[in-house]
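A quick write-up on the structure given underneath.
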Amino acid sequence: MVHTFTALGVSIAVDVNSGAVHVLDKTAYDLLEALDRQTANPGRLAEHCPADLAAQLPQYSADALEEAWQDLRGLQEEGLLFVEDDYIDPAAAVAMQREAPIKALCLHVSHDCNLRCKYCFASTGDFGTGHRMTMDFETAKRAIDFVIERSGKRRNIEVDFFGGEPLMAMDTVKKTVEYARSIEKEHGKCFRFTITTNGVLLNDENIEYINREMSNAVLSIDGRKEVNDRMRPTVNGKGSYDVIVPKFQKLIAGRGDKDYYLRGTFTRDNLDFAADVMHMASLGAKNISVEPVVGGAEDPYALREEDVPTILAEYEKLAEELREHPEVNFFHFNVDLAQGPCVIKRLRGCGAGCEYVAITPEGDIYPCHQFVGNLDYKLGNLYEGTFNMEISKAFSNLNIYTREDCKNCWARFYCSGGCSASNLLVNGDIKKPHHVGCELERKRLECAIALRAIAAGMAD
């Protein structure tokens, strides 16, 4: 499979199975597209450009077409074009994943929040339970013991303090970090901590602690003041922008070389989200993520099929902006064309439900934070000592070969099948990809590949 596209004025061909990316001149690009129209499986290219292809491209001379043809044929000889899909035996991939240890926790230290975000998948903090609570240290301690026990020989373990709003349980956060650090050498582990916060409760003490102990900090803001305050009000209905921005700026200024992201969500109300990304950059942020909202058909803010052309054009607009601002790192335009993730990551994605789980204040275990509260997907409980391997296996069986809609998608090795929680919300099936989400993912990848090709000097 070869995917051809133009973005940022660059003509590109991606050989899906090898991962090779080629910047082409117009002759070679048009010839490749004509070949694609003629047959979905070109096999081995003929020794010379066929006359029927040349007839489709009368604007080019025979010599120009022959030269372009030989270039394409040379790429095929090198194993960089029209490569067969012998990536890995899908059955072997599933077997490897089933035996994979749990390596990451999303620790819900708070099922409460001091904001009332309108699109919140956590039902503004309580995850639909009707009662708000924070996690005590005993539960957090059990979670650390749980992941150590189930991580096998894996040394590096990730823990994300999440909510609700985790700063509402800062005492538990600090005790958990202290406990994990006190036993990591004994068990041959190395913990890496992340915190996701809306920033309202940030103060000098918390900022200093986060910058010292957290390898990554995810800071939630939707961009421009009017956009943020429309969707992210406080409990009393006031906007949160003026409260959080100075605190985020202070935290970022003290991060040094540690990771952070300003992380936002765009909805139907701000389809011009490129302006929000650039606004975040104007606040001094270099690492930015603005994600498409996920919602059901009944949600007024949810993205719809008719919004897709506007969103695709906005991604192109954003890519053009970022072409002039290489210092800004937009999460969805990150793509590694040289190494990329491991084989299993390419096939399986995030590992929710098998390598990664979420744990609630009550000690309940779920595949990820977006499944919390859905009892059909509850994996177990720390206090009961239970873990449902059948549910876990259902997630480990998910890959780009077992998801029918992914098999013939050119982006499959990049997105790895998408988000199971999003699939369930929109389609009622963790195996069936969210169509709108797929369209957006493919466009983001095209922009990302074009930007990387330009930065690498592959294109003028």
> Is there a side-chain contact between Asp272 and Asn270 (heavy atoms, below 4.5 Å)?
Replying inline: yes

> Any idea which heavy atoms bring Ala319 and Leu8 closest together, and the distance?
Replying inline: CB-CD2, 3.8 Å

> Quick one: does Arg412's side chain get under 4.5 Å of Met1's, heavy atoms only?
Replying inline: yes

> Under 30°, 30 to 60°, or over 60°: which ring-plane class applies to Phe161 and Phe193, parallel, tilted or perpendicular?
Replying inline: parallel

> So do the side chains of Phe162 and Thr194 get within less than 4.5 Å of each other, counting heavy atoms only?
Replying inline: no

> Charged N to carboxylate O below 4.0 Å: is that the case for Lys118 and Asp299?
Replying inline: no

> Just by distance, do the side chain of Gln249 and the backbone of Leu283 share a donor-acceptor pair under 3.5 Å?
Replying inline: yes

> Between atom CG of Asn17 and atom CD of Glu84, what is the distance when rounded to the nearest 0.5 Å?
Replying inline: 7.5 Å

>> For Ile430 versus Arg403, what's the shortest heavy-atom pair and its separation?
In response: O-NH2, 3.1 Å

>> Please check: side-chain N/O of Thr172 versus main-chain N/O of Met135, any donor-acceptor pairing under 3.5 Å?
In response: yes

>> Please tell me whether Ser151 and Lys189 have a donor and an acceptor in their side chains that are separated by less than 3.5 angstrom.
In response: yes

> For residues His332 and Glu441, is any side-chain donor paired with an opposing acceptor at under 3.5 Å?
Replying inline: no

>> Is the terminal nitrogen or CZ of Arg452 (NZ for Lys, CZ for Arg) located under 6.0 angstrom from the six-membered ring centre of Phe333 and within 45° of that ring's axis?
In response: no

> Can a salt bridge be assigned to the pair Lys174 and Glu205 using a cut-off of 4.0 Å between side-chain N and carboxylate O?
Replying inline: yes

> Going through the checks in order, is the side-chain contact (heavy atoms from CB on, under 4.5 Å) test met by Ile221 and Met280?
Replying inline: CA-CA 9 Å; Ile221 179 174; Met280 291 182 186; 4.1 Å; yes

> Going by an N to O cut-off under 4.0 Å, is there a salt bridge joining Arg192 and Asp259?
Replying inline: yes

>> Please check this pair: side chain of Asn427 against backbone of Asp429, looking for a donor-acceptor N/O pair closer than 3.5 Å.
In response: no

> Step by step, would you call Glu446 with Arg442 a salt bridge (charged side-chain N to carboxylate O under 4.0 Å, His left out)?
Replying inline: CA-CA 6 Å; Glu446 289 182 347; Arg442 285 188 283 264; over 6 Å; no

>> Tell me whether Tyr119 at atom OH has more than 12 heavy atoms from other residues, nucleotides or ligands lying less than 6.0 Å away.
In response: yes

> Looking only at atom types and distance, does a side-chain atom of Glu184 sit under 3.5 Å from a main-chain N or O of Phe191, one as donor and one as acceptor?
Replying inline: yes

>> Using the rule given for side-chain contact (heavy atoms from CB on, under 4.5 Å), can you reason through Val308 versus Leu303, listing the C-alpha separation, both sets of side-chain angles and the distance that settles it, and then say yes or no?
In response: CA-CA 8 Å; Val308 169; Leu303 305 177; over 6 Å; no

>> Using modelled atom types and a 3.5 Å cut-off, is there a donor and acceptor pairing between side-chain atoms of Arg154 and backbone atoms of Asn156?
In response: yes

> Do Glu226 and Arg230 sit within salt-bridge range, that is, some charged N less than 4.0 Å from a carboxylate O?
Replying inline: no

> So, Asn423 and Ser420: side-chain donor and acceptor under 3.5 Å apart, yes or no?
Replying inline: no

>> Using side-chain heavy atoms (C-beta onward) and a distance below 4.5 Å, is Lys238 in contact with Pro233?
In response: no

> Is there a side-chain contact (heavy atoms from CB on, under 4.5 Å) between Tyr366 and Leu379 once you walk through the steps?
Replying inline: CA-CA 5 Å; Tyr366 287 91; Leu379 286 163; 5.6 Å; no

>> According to ring pair (Phe, Tyr, Trp, His ring centres under 6.0 Å), does anything in residues 268-289 pair up with another residue at least two apart or in another chain? List the pairs.
In response: Tyr241-His279, Phe266-Phe273, Phe273-Tyr315

>> Applying side-chain contact (heavy atoms from CB on, under 4.5 Å) to Val10 and Ile449, what does each step give before you reach the verdict?
In response: CA-CA 10 Å; Val10 182; Ile449 290 169; over 6 Å; no

> So which heavy atom on Asn334 is nearest to which on Asn329, and how close?
Replying inline: OD1-OD1, 2.7 Å

> What do you reckon, is NZ of Lys431 surrounded by more than 12 foreign heavy atoms closer than 6.0 Å?
Replying inline: no

>> Any heavy-atom pair between the side chains of Met231 and Cys117 that's under 4.5 Å?
In response: no

> Side-chain donor-acceptor pair under 3.5 Å between Ser289 and Glu291, yes or no?
Replying inline: yes

> Has the side chain of Asn381 got a donor or acceptor atom that lies under 3.5 Å from a matching backbone atom of Tyr383?
Replying inline: yes

> Can you find a heavy atom in the side chain of Lys141 that is under 4.5 Å from one in the side chain of Lys175?
Replying inline: no

> With side chains defined as the heavy atoms from C-beta onward, is the minimum distance between Cys113 and Asn198 less than 4.5 Å?
Replying inline: yes

> Using the ring of each side chain (for Trp, its six-membered ring), is Phe413 parallel, tilted or perpendicular to Tyr401, with breaks at 30° and 60°?
Replying inline: perpendicular

> Are Asp145 and Arg150 close enough for a salt bridge, meaning some N to O gap below 4.0 Å?
Replying inline: no

> Are any side-chain N or O atoms of Ser422 and backbone N or O atoms of Cys419, one a donor and one an acceptor, separated by less than 3.5 Å?
Replying inline: no

> Does a donor on one side chain sit under 3.5 Å from an acceptor on the other, for Asn114 and Glu165?
Replying inline: no

>> I'd like to know if the side chain of Thr310 pairs up with that of Asp307 as donor and acceptor (distance under 3.5 Å, no hydrogens or angles considered).
In response: no

>> Closer than 3.5 angstrom, by distance alone: can the side chain of Ser240 be matched with the main-chain N or O of Arg232 as a donor-acceptor pair?
In response: yes

>> Restricting to non-hydrogen atoms, name the atom on Val23 and the atom on Ala453 that form the minimum distance, rounded to 0.1 Å.
In response: CG2-CB, 3.9 Å

> Can you check whether Met389's main-chain N or O pairs, donor with acceptor, with Ser392's side chain at less than 3.5 Å?
Replying inline: no

> So which heavy atom on Ile252 is nearest to which on Gly284, and how close?
Replying inline: CG2-O, 4.2 Å

>> Working to the nearest 0.5 angstrom, can you tell me the gap between Leu312 CG and Arg444 CZ?
In response: 10.0 Å

> Where is the tightest heavy-atom contact between Ala281 and Ile288, given as atom of each residue plus distance?
Replying inline: N-CD1, 3.5 Å

> Just wondering, more than 12 heavy atoms not from Asn236 lying within 6.0 Å of its CG?
Replying inline: yes

>> Parallel, tilted or perpendicular, judged at 30° and 60°: which one describes the rings of His3 and Trp410?
In response: parallel

> Is the number of heavy atoms from other residues, nucleotides or ligands under 6.0 Å of Lys250 NZ greater than 12?
Replying inline: no

> Leu80 versus Asp15: any side-chain heavy-atom pair under 4.5 Å?
Replying inline: no

> Is the gap between the ring centers of Phe395 and Phe371 under 6.0 Å?
Replying inline: yes

Which side-chain N or O atoms in residues 208-218 pair as donor and acceptor under 3.5 Å with protein atoms at least two apart or in another chain?
unit_1 : atom_1 : unit_2 : atom_2 : d
Glu208 : OE1    : Arg212 : NH1    : 2.6
Glu208 : OE2    : Arg212 : NH1    : 2.7
Asn211 : OD1    : Arg255 : NH1    : 3.1
Asn211 : ND2    : Leu251 : O      : 3.1
Asn211 : ND2    : Gly254 : O      : 3.4
Asn216 : OD1    : Tyr260 : N      : 3.2

> Donor-acceptor pair, Asp222 side chain versus Thr265 backbone, under 3.5 Å?
Replying inline: yes

>> For Glu320, is there an ion pair with Lys317 - N to carboxylate O distance below 4.0 angstrom?
In response: no

>> As a quick check of understanding, evaluate ring pair (Phe, Tyr, Trp, His ring centres under 6.0 Å) for Phe330 and Tyr261, giving each step before the final call.
In response: CA-CA 9 Å; Phe330 181 63; Tyr261 269 95; 9.1 Å; no

